[in-house]
Amino acid sequence: MTALHEAPDILSAEFAENPYPHYRIMRDEHPLIWHEGMQSYLISRYDDVEKAFRDPVFTSDNYDWQLEPVHGRTILQMNGREHATHRALVSSAFRGNELETKFLPVIERNSRELIDGLRDRNPVDLVEHFATRFPINVIVDMLGLPKSDHDKFHQWYTSIMAFLSNLTQDPDVMAEGMRTKEEFASYLIPIIRQRRQNPGDDLLSTLCAAEIDGEHMSDEEIKAFCSLLLTAGGETTDKAIASLMKNLLEHPDQLEAVRADRSLIGAAFAETLRFSPPVHMIMRQPSEDVELSGGVVPAGSTVTCLIGAAGRDEQHYANPETFDIFRDDLSTTKAFSAAADHLAFCLGRHFCVGAMLAKTEIEVGVDMLLDAMPTVRFADGAPAEAGVFTRAPTQLWIDRTPA
Ligand code: HEM
């Protein structure tokens with residue numbers, strides 16, 4: 001293969017402005033890149049990223065340094081039986097009966113409260129007044145923590161996300177992440193102890209009581225899991241809502257189709273996850289040398305799987321650069337399960353435990369937003385996206401004045 005272009009630098013300003021043309025060059029000409037600054041291999045083709053997510057040779061041991069310093073030890077870095085047991089302890093709260101009976105009312109209440117607050121604002125920034133608040137309010141409410149602490153949670157998850165996305169290893173960002181870990185522990189551990197004494201009907205009490213094969217979670221494990229929930233469930237869904245609304249507003253015919261038939265919200269969400277995923281990269285660490293397109297990645301190295309690039313792979317999707325909620329090569333029924341035909345929730349044993357919760361939040365939130373906005377357009381043109389690790393519009397100003 002002769003390369004016409006140099007390998008793109010994912011830490012460059014041009015890349016941050018719009019990664020998609022660079023992703024194409026990577027898939028076509030540089031499917032395996034060693035990035036000196038990140039000390040990591042980069043992979044961009046759908047088949048390679050899928051293999052890295054599914055094949056157990058690719059461990060998640062990278063989270064030992066990437067996440068443990070800020071969260072403590074979480075299920076993301078566990079493997080084998082330890083992972084299966086811990087996942088089973090937490091997963092039932094995020095799907096099925098528990099989700100529908102216990103947490104759907106929490107989701108509806110939090111969406112309604114925020115939308116009521118939007119009514120007198122026009123134009124309004126949907127990112128500031130809805131997307132950044134809704135998922136975190138839901139998690140805080142599910143855990144039975146006071147919403148008056150919202151600003152604290154927002155500050156913590158921003159600091160944890162900065163630590164995780166710190167591709168250049170900036171020491172100030174690292175120090176801030178460590179401070180957050182201490183602050184979060186001093187806040188939550190006493191509350192966990194209280195819930196063990198006086199359990200309520202909330203997720204935190206459920207986590208305290210959860211038992212599989214005689215195993216319970218320790219205070220430290222519950223604290224680490226809650227810390228993970230703030231970022232895994234907050235930042236991701238926040239960005240998904242902003243990108244979904246932007247994608248629909250850029251395609252008014254598809255927006256009107258969704259407005260007329262709300263059962264299409266799931267398809268719009270699935271297509272957003274393929275076209276403009278909230279999380280653009282996830283890392284893995286192979287335990288043996290592995291052959292991928294473009295060469296062999298050595299055992300023990302860090303491999304950065306570019307989800308944003310894989311979602312636009314022309315070998316996998318027809319017209320991948322087109323946002324189309326009606327495409328027939330992405331299945332809405334599978335999109336929120338481990339059989340998904342996109343990679344935004346990962347695949348394999350670490351498949352996102354909160355996928356059904358995210359789907360429910362998006363279905364409820366978008367449905368209520370559309371009801372509250374009988375007419376809607378960008379107030380000031382399509383907004384720019386920002387971010388390399390996670391990516392979405394940072395503002396989404398909309399105007400509801402009838403045309
Ligand atoms: C659009 C929204 C979301 C996206 C794009 C997303 C994405 C992901 C991805 C890519 C992973 C795999 C990480 C890895 O293996 O390295 C993951 C795992 C996880 N997600 Fe999500 N997520 C979303 C929403 C949520 C929500 C709402 C929650 C819960 C409140 C959640 C909780 C988790 C947890 C606990 C894991 C770890 C699972 C494991 O290691 O077994 N996520 N998510």
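Residue numbers start at 1 and run along the sequence shown. Every heavy atom of this structure was used, including side-chain atoms; hydrogens, water molecules and symmetry mates were not. Remember, it's 1-based here, ligands and their atoms both numbered in the order they're listed.
- Taking each of Thr231, Thr390, Leu357 in turn, the one with a heavy atom nearest to atom 30 (C) of ligand 1 proves to be Leu357.
- Within ligand 1, counting atoms from 1 as listed, the ones closer than 4.0 Å to a heavy atom of Ala344 are 5 (C), 7 (C), 10 (C).
- Protein heavy atom in closest approach to atom 11 (C) of ligand 1: Phe345 O, 3.9 Å.
- Within the 4.5 Å cutoff, side-chain heavy atoms of Arg24 are placed close to those of Glu321.
- Here Ile282 has side-chain heavy atoms under 4.0 Å from ligand 1, and that is the only part of it that gets that close.
- Neither the backbone nor the side chain of Phe53 comes within contact range of ligand 1; no heavy atom lies under 4.0 Å.
- Within ligand 1, the atoms closer than 4.0 Å to a non-hydrogen atom of Leu229 are 29 (C), 30 (C), numbered from 1 in the order shown.
- By heavy-atom distance, the residue among Ile362, Leu347, Leu76, Thr237 lying nearest atom 13 (C) of ligand 1 is Leu76.
- Per-residue contacts place His83 under 4.0 angstrom from the following atoms of ligand 1 (heavy atoms of the residue considered): 39 (C), 40 (O), 41 (O).
- Between His22 and His5, the distance from one ring center to the other does not fall under 6.0 angstrom.
- Ranking the protein heavy atoms by distance from atom 8 (C) of ligand 1 puts Cys352 CB, 3.8 Å first.
- For ligand 1, the atoms sitting less than 4.0 Å from at least one non-hydrogen atom of Ala240 are 1 (C), numbered in the order shown with element in parentheses.
- No side-chain donor-acceptor contact under 3.5 Å links Thr302 and Gln39.
- At a 4.0 Å cut-off, at least one heavy atom of Arg349 sits close enough to ligand 1 to count as contact.
- Between the side chains of Thr132 and Asp238, not a single donor N or O lies within less than 3.5 Å of an accepting N or O.
- For Phe269 and Phe336, the ring centers sit closer than 6.0 Å to each other.
- Of the protein's heavy atoms, His350 ND1, 2.7 Å lies nearest to atom 40 (O) of ligand 1.
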Could you check Asp170 against Thr168 for side chain to side chain donor-acceptor pair (under 3.5 Å), going step by step and ending with a plain yes or no?
CA-CA 6 Å; Asp170 178 334; Thr168 53; 5.7 Å; no

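- The single protein non-hydrogen atom nearest to atom 23 (C) of ligand 1 is Thr236 OG1, 3.3 Å, given as residue, atom name and distance.
- In this structure, Arg274 is positioned above the aromatic face of Tyr317, its NZ or CZ under 6.0 Å from the six-membered ring centre and within 45° of the axis.
- Taking all heavy atoms of Cys226, Ala232, Pro278 into account, the minimum distance to atom 25 (C) of ligand 1 is reached by Ala232.
- Protein heavy atom nearest atom 36 (C) of ligand 1, with residue, atom name and distance: Val353 N, 4.1 Å.
- Note: no N/O pair closer than 3.5 Å links Glu361 and ligand 1 by distance alone.
- Applying the 4.0 Å criterion to heavy atoms of Arg87 picks out, from ligand 1, the atoms 38 (C), 39 (C), 41 (O).
- Closest to atom 1 (C) of ligand 1 by heavy atom, among Phe336, Phe269, Phe94, Phe351, is Phe269.
- Contacts between Arg284 and ligand 1 below 4.0 angstrom, taking non-hydrogen atoms only, involve the side chain exclusively.
- Side-chain N/O atoms of Tyr23 and Asp28 include no donor and acceptor closer than 3.5 Å.
- Side-chain atoms of Gln395 and Glu128 form no donor-acceptor pair, as typed in the model, at a separation below 3.5 Å.
- Atom 21 (Fe) of ligand 1 lies at 2.8 Å or more from every N, O or S atom belonging to Cys346.
- With 3.5 Å as the limit, one finds no donor-acceptor pair spanning the side chains of Ser287 and Thr59.
- For the residue pair Lys147 and Asn110, a side-chain donor N or O sits within less than 3.5 Å of a side-chain acceptor on the partner.
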For Tyr63 and Arg284, what are the C-alpha separation, side-chain angles and deciding distance, and is it a side chain to side chain contact (heavy atoms under 4.5 Å, CB included)?
CA-CA 8 Å; Tyr63 284 130; Arg284 288 291 187 259; 3.9 Å; yes

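- Counted by atom type alone, Asn122 and Thr401 present one or more donor-acceptor pairs between their side chains at under 3.5 Å.
- Closest protein heavy atom to atom 16 (O) of ligand 1: Tyr63 OH, 2.5 Å.
- The protein heavy atom nearest to atom 26 (C) of ligand 1 is Gly233 CA, 3.4 Å.
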